[in-house]
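Below is one structure; the comments refer to it alone.
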Amino acid sequence: MESWELTARECIRDTLARYTWSGDAGRIEDLAACFCADGELEIRGEAVLAGRAAIVARLAAVTAAPAAAGLRRIVRHNVANVRFTNVTRESAEVSSYFTVFTEIGLDHYGRYRDVFVPVAGDWLIAHRLAATDWSAENSTMVG
């Protein structure tokens, strides 16, 4: 493996972490900055969101959801099994699993299928498919 690819992979891992940490903290603008300016978020079963403003508008509603009755709001995304399926100097295809814990415990889990591209020395999400495979009956995040 060449050094450019190692650098790309680490930049992508950093973007994945910034996305989850930002979302957990309710910093949706920072989360959206993990996408290209015209990046797309495709939530399975919904219309594709194109651009950072559309992503912020959709995800702000999720972060505004109140905590379960009588509990303090907690959100913790965990991304695991990050698999680089195709990496070139122009783009990278990445698959991973996510689990989300909230104040109710395990809230939901699923898969990300991402396409990353280099932008000004960083690797940002050009397209993300977020597919929830399961959600708790009393999920505080999945409607």
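- Residues Leu16 and Asp114 meet the side-chain proximity criterion, which asks for heavy atoms closer than 4.5 Å.
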| task | Determine, stepwise, if the pair Val94 / Thr85 fulfils side-chain contact (heavy atoms from CB on, under 4.5 Å). | result | CA-CA 6 Å; Val94 181; Thr85 55; over 6 Å; no

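- Salt-bridge check for Arg58 with Glu46: passed, with a basic side-chain N closer than 4.0 Å to an acidic carboxylate O.
- A donor-acceptor pair is defined here as one N or O able to donate and one able to accept, closer than 3.5 Å; such a pair exists between the side chain of Glu103 and the backbone of Ile74.
- With sequence neighbours excluded, the residues that form a side-chain contact (heavy atoms from CB on, under 4.5 Å) with Glu5 are Met1, Arg9, Val87.
- Checked against side-chain contact (heavy atoms from CB on, under 4.5 Å), Ala131 has the following partners two or more places apart in sequence or in another chain: Arg44, Arg111.
- The heavy-atom pair separating Ala50 from Ala54 by the smallest distance is O-CB, 3.5 Å.
- Checking side-chain atoms of Asn86 against main-chain N and O of Ala92 turns up no donor-acceptor pair under 3.5 Å.
- Heavy-atom neighbours of Trp4 CH2 from other residues, nucleotides or ligands within 6.0 Å: above the threshold of 12.
- For Thr15, the side chain to side chain donor-acceptor pair (under 3.5 Å) partners are Arg18, not counting sequence neighbours.
- Not counting sequence neighbours, Trp134 has no partner by the side chain to side chain donor-acceptor pair (under 3.5 Å) test.
- Annotation: side chain of Trp21 is not in contact with side chain of Leu31 (no heavy-atom distance under 4.5 Å).
- Closest approach of His77 to Asp24, counting heavy atoms only: ND1-OD1, 2.5 Å.
- Under the 4.5 Å side-chain heavy-atom criterion for Ile, Leu, Val, Met, Phe, Trp and Tyr, Val79 and Trp123 are members of the same hydrophobic cluster.
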| query | Hey, mind stepping through Met141 and His108 against side-chain contact (heavy atoms from CB on, under 4.5 Å) and telling me if it holds? | reply | CA-CA 8 Å; Met141 299 189 77; His108 62 284; 3.9 Å; yes

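- Residues Tyr97 and Tyr19 do not share a hydrophobic cluster, clusters being chains of Ile/Leu/Val/Met/Phe/Trp/Tyr side chains in contact below 4.5 Å.
- Leu124 shares a hydrophobic cluster with Val117, Val119; the chain of contacts runs through ILVMFWY side chains whose heavy atoms sit under 4.5 Å apart.
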| field | Test side-chain hydrogen bond (donor to acceptor under 3.5 Å, both in side chains) applied to Arg73 and Thr140, step by step | value | CA-CA 9 Å; Arg73 184 71 171 149; Thr140 66; 2.7 Å; yes

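- Side chains of Thr102 and Asp107: a donor on one and an acceptor on the other come within 3.5 Å.
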| request: Let me see the working for Ile55 and Phe35 under side-chain contact (heavy atoms from CB on, under 4.5 Å), right down to the final yes or no. | output: CA-CA 9 Å; Ile55 293 167; Phe35 287 83; 3.7 Å; yes

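- Counting heavy-atom neighbours within 6.0 Å of Phe101 CZ, excluding the residue itself, gives a total above 12.
- Between Val56 and Glu29 there is a side-chain heavy-atom pair separated by less than 4.5 Å.
- Phe84 does not carry Arg13 over the face of its six-membered ring by the limits of under 6.0 Å from the centre and within 45° of the normal.
- Distance check: Ile43 CD1 to Thr132 OG1 gives 8.0 Å after rounding to the nearest 0.5 Å.
- Of all non-hydrogen atoms in Gly121 and Cys11, the two that sit nearest each other are O-SG, 4.5 Å.
- For the residue pair Ser96 and Asn81, no side-chain donor N or O sits within less than 3.5 Å of a side-chain acceptor on the partner.
- When the side chain to side chain donor-acceptor pair (under 3.5 Å) test is applied to His127, the partners found at least two apart in sequence or on another chain are Glu42.
- When ring centroids are compared, Tyr112 and Phe98 come within the 6.0 Å threshold.
- Under the 3.5 Å distance criterion, the side-chain polar atoms of Thr20 are matched with a main-chain donor or acceptor of Ala17.
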| Please walk me through it: do Glu2 and Arg89 pass salt bridge (Lys or Arg N to Asp or Glu O under 4.0 Å)? | CA-CA 11 Å; Glu2 296 180 42; Arg89 290 179 188 269; 3.5 Å; yes

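- For the atom pair SG (Cys34) and CD1 (Ile12), the distance works out to 12.5 Å, reported to the nearest 0.5 Å.
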| task | Go through Arg52 and Asp38 one step at a time and tell me if the side-chain contact (heavy atoms from CB on, under 4.5 Å) criterion holds. | result | CA-CA 7 Å; Arg52 291 176 179 157; Asp38 61 349; over 6 Å; no

